[in-house]
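The block underneath contains the structure these notes are about, expressed in structure tokens.
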Amino acid sequence: MAEAALHSVTKRFGDKVAISGIDLRVADGEFIVLLGPTGAGKTTTLRLFAGLETPEEGRIEIGGEDVTALDPARRDVAFVFQQYSLYPHYTVFDNLAFPLRAPGRRTSAQAIERRVREIAAMLRIESKLANRATTLSGGEMQRVSIGRALVRSPNLFLMDEPLSSLDAKLREDLRVELKRIQRELGATIVYVTHDQLEAMTLADRIGVLSEGALVQIASPRDVYERPANIHAAQRLGSPQINLLPMGALGVADAPAASETIGVRPEDVVLNGNGAVAKVLTIEHLGVESIALLDCEGRHLHALLGARTALRQGDVVKASVRPGAALFFDTRGDRIGSPAPTPITVKTAAPSETALLLACLDAAAAAVRDHEAEIEGLDRAIGDGDHFINLTRGFAKLTSIKPDLAPLAPDAALKAVAKSILMTVGGASGPLIASFFLDMSKAEGADGRWDAKTVARMVAAGVAAIKKRGKAELGDKTMLDVLIPVSQVLSEMADMGRPGRDIARELPWIAETGMLSTKDRLATKGRAAFLGERALGHIDPGSKSSAVIIAAICETVQERLG
């Protein structure tokens, strides 16, 4: 995946300005939702990213490359439309495989088979692969449509209201699935909708569009609680925010330039002090009730508990929860609205963080170099997911390297732990995440990493796996390699051995740990099951741990000179 950006982009259709000077940066692995009414410029923004429209002004970047003049086919983006757009005479498998069979991709049949089945499993449609598209339900067809984009692993996903044609229950189900998939893949997504619920539940950040202008981009909570203007305030919240004249509901401490008061329904307080209001209707919605009030000739909504005693026709006093009122000026801008967050220039990485990033690169390369061996072991044992989790985890870590670079070393370790926890499935993800998290908490992890510090960090990581892991053989393979590494590290550190000596001997230590797993497998009586395919009865967890540690050691040696 990659970053994407629009820099002062303007697009016109004749005399109509569809997009006006938009600046939008989408971080690698970020889920951005563009929200606005029909005609706000949402779809045009997607088409600009895709290359289906060309801007009159400004620049478009994807993956750090200026693609403003680049053909759509060369931008490596995937577009998911509102309608399914499947090939009706194809099976689900062939629909999913179609993008991988393009003449320029040169993907082997085995790789296509593996990728299609992986995505089908992720979308939970593996049982439908042999079905023709015309036999599927609406929700299944939309899953296939989304899967056809996911199967390619493009730089950027563009989604134009892909769930709007589904019924409410299917939309809810697919929202959950889509967010899960995005987290697992670390995908960069720009998603268009007019549905505020989709925006709130899916987005890392929401971009609010109005007549071609980007009026605010912030987290869902920030847009809801601190809207930039009245338009942004009205985009989120059901019922909508109450907009009232100055002095309404007894609000007296407004800033001097205030023209309008904004009050969310949940912030309206009834039967205290305040203005007299009459209950017009009560809507009972199960977990909550909504009252429509007439207050001094104006209608406003109040959010109440599920078992409110109020009835139509009751007279109450309405006020505002202290500190909850929002104030807008004559132009509709919120008073006290924060200035746009400046784009920060990332500084050079601290030396320990730079070393961590170099080790991650080396580890990822080691896994790639041993792909056939590790994947073969994985198939021999029968789980099949170890190598997928391993490559997925390293792909995500590689994608967030720019964000890790300026962090202090302990903060970088915490960020690595968070990324692994969100990306790697099965039992391995939480275990590896706990390893890095507890390493970050070790004494000295936030400063210079001398031999003793590294020994403490690895020991803390091993203790975390011991504490959180199970006693089963499959969950112990990391420990088989890491325990001897931790023990010898501590001994060398206590002896005052320099870091370069430790790095030089770590591959041998890791190999010792790997062989201990071989012996354990043999004593468990699983050697016959693993057979020759397991390459000496070594399981994929031990093998991958050993090659990763060896690669890290070589990197450390190079850095130490």
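These numbers were taken from a predicted model, which means no experiment stands behind them. Residue numbers run from 1 in the order of the sequence given.
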What is the minimum heavy-atom distance between Leu236 and Pro220, and which atoms define it? CD1-O, 3.9 Å
All salt bridge (Lys or Arg N to Asp or Glu O under 4.0 Å) counterparts of Asp204, not counting sequence neighbours: Lys179
Say whether, by atom type as modelled, one donor and one acceptor occur between the side chain of Arg264 and the main chain of Leu303 under 3.5 angstrom. no
Donor-acceptor contact present, side-chain Arg175 to main-chain Glu198, <3.5 Å: no
Is a salt bridge present between Glu118 and Arg115, judged by a nitrogen-to-oxygen distance below 4.0 Å? yes
Starting from the C-alpha separation in whole Å, work towards a yes-or-no answer on side-chain contact (heavy atoms from CB on, under 4.5 Å) for Ile217 and Ile206. CA-CA 5 Å; Ile217 181 160; Ile206 294 174; over 6 Å; no
For Thr45 and Val190: C-alpha separation, side-chain torsions, deciding distance, then whether side-chain contact (heavy atoms from CB on, under 4.5 Å) applies. CA-CA 9 Å; Thr45 303; Val190 181; 5.5 Å; no
Min side-chain heavy-atom separation Val223-Val208 under 4.5 Å: yes
Shortest non-hydrogen pair, Ala50 vs Phe79, comes out as CB-CD1, 3.8 Å
Side chains of Val92 and Ile125 in contact at under 4.5 Å (non-hydrogen atoms): yes
For a quick test of reading the model, state the closest non-hydrogen atom pair linking Ala460 to Ala442 and the distance between them. CB-CB, 4.2 Å
Listed by chain and number, what are the salt bridge (Lys or Arg N to Asp or Glu O under 4.0 Å) partners of Asp76, not counting sequence neighbours? Arg152
Hey, could you give me the CD/CD distance between Glu266 and Glu288, rounded to the nearest 0.5 Å? 9.0 Å
Indicate the atoms forming the closest heavy-atom contact of Gln142 with Val80, along with that distance. OE1-CG1, 4.4 Å
Kindly give the heavy-atom pair with the smallest separation between Ala78 and Ala149, and that separation in Å. CB-CB, 3.7 Å
Pair Glu113 + Arg117: basic N to acidic O under 4.0 Å: yes
Side-chain contact, heavy-atom cut-off 4.5 Å: Leu437 with Lys414? yes
N-O pairing of Lys128 and Glu126 below 4.0 Å: no
Using the rule given for side-chain contact (heavy atoms from CB on, under 4.5 Å), can you reason through Arg75 versus Leu156, listing the C-alpha separation, both sets of side-chain angles and the distance that settles it, and then say yes or no? CA-CA 9 Å; Arg75 297 194 184 195; Leu156 178 66; over 6 Å; no
Shortest non-hydrogen contact from Val215 toward Ala228: O-CB, 3.7 Å
Check: Tyr224 and Ser219 side chains under 4.5 Å, non-hydrogen atoms: no
Separation between OG1 (Thr201) and CD (Gln196), nearest 0.5 Å, reads 10.5 Å
Minimum side-chain heavy-atom gap Phe49-Leu6 below 4.5 Å: yes
Gap separating the CD1 atom of Ile146 from the CG atom of Leu96, nearest 0.5 angstrom: 11.5 Å
Leu413/Lys441 under side-chain contact (heavy atoms from CB on, under 4.5 Å): CA gap, chis, key distance, verdict: CA-CA 9 Å; Leu413 286 168; Lys441 298 175 182 177; over 6 Å; no
Under 3.5 Å: donor-acceptor pair, side chain of Gln182, backbone of Ala187: yes
Is any side-chain heavy atom of Val77 less than 4.5 Å from a side-chain heavy atom of Pro154? no
Nearest-0.5 Å distance that lies between atom CD1 in Ile32 and atom CG in Leu158: 12.5 Å
Please name the residue in the list Leu46, Leu178, Val33, Leu34 that meets the side-chain contact (heavy atoms from CB on, under 4.5 Å) test with Met159. Leu178
Any donor-acceptor pair under 3.5 Å linking the side chain of Arg334 with the backbone of Pro227? yes
Is Arg25 salt-bridged to Glu3, cutoff N-O under 4.0 Å? no
Between the CG atom in Leu35 and the CG atom in Leu202, the distance rounded to the nearest 0.5 Å is 11.5 Å
How far does CZ of Arg205 sit from CG of Leu24, to the nearest 0.5 angstrom? 7.0 Å
Val144 side chain near Glu140 side chain, heavy-atom distance below 4.5 Å: no
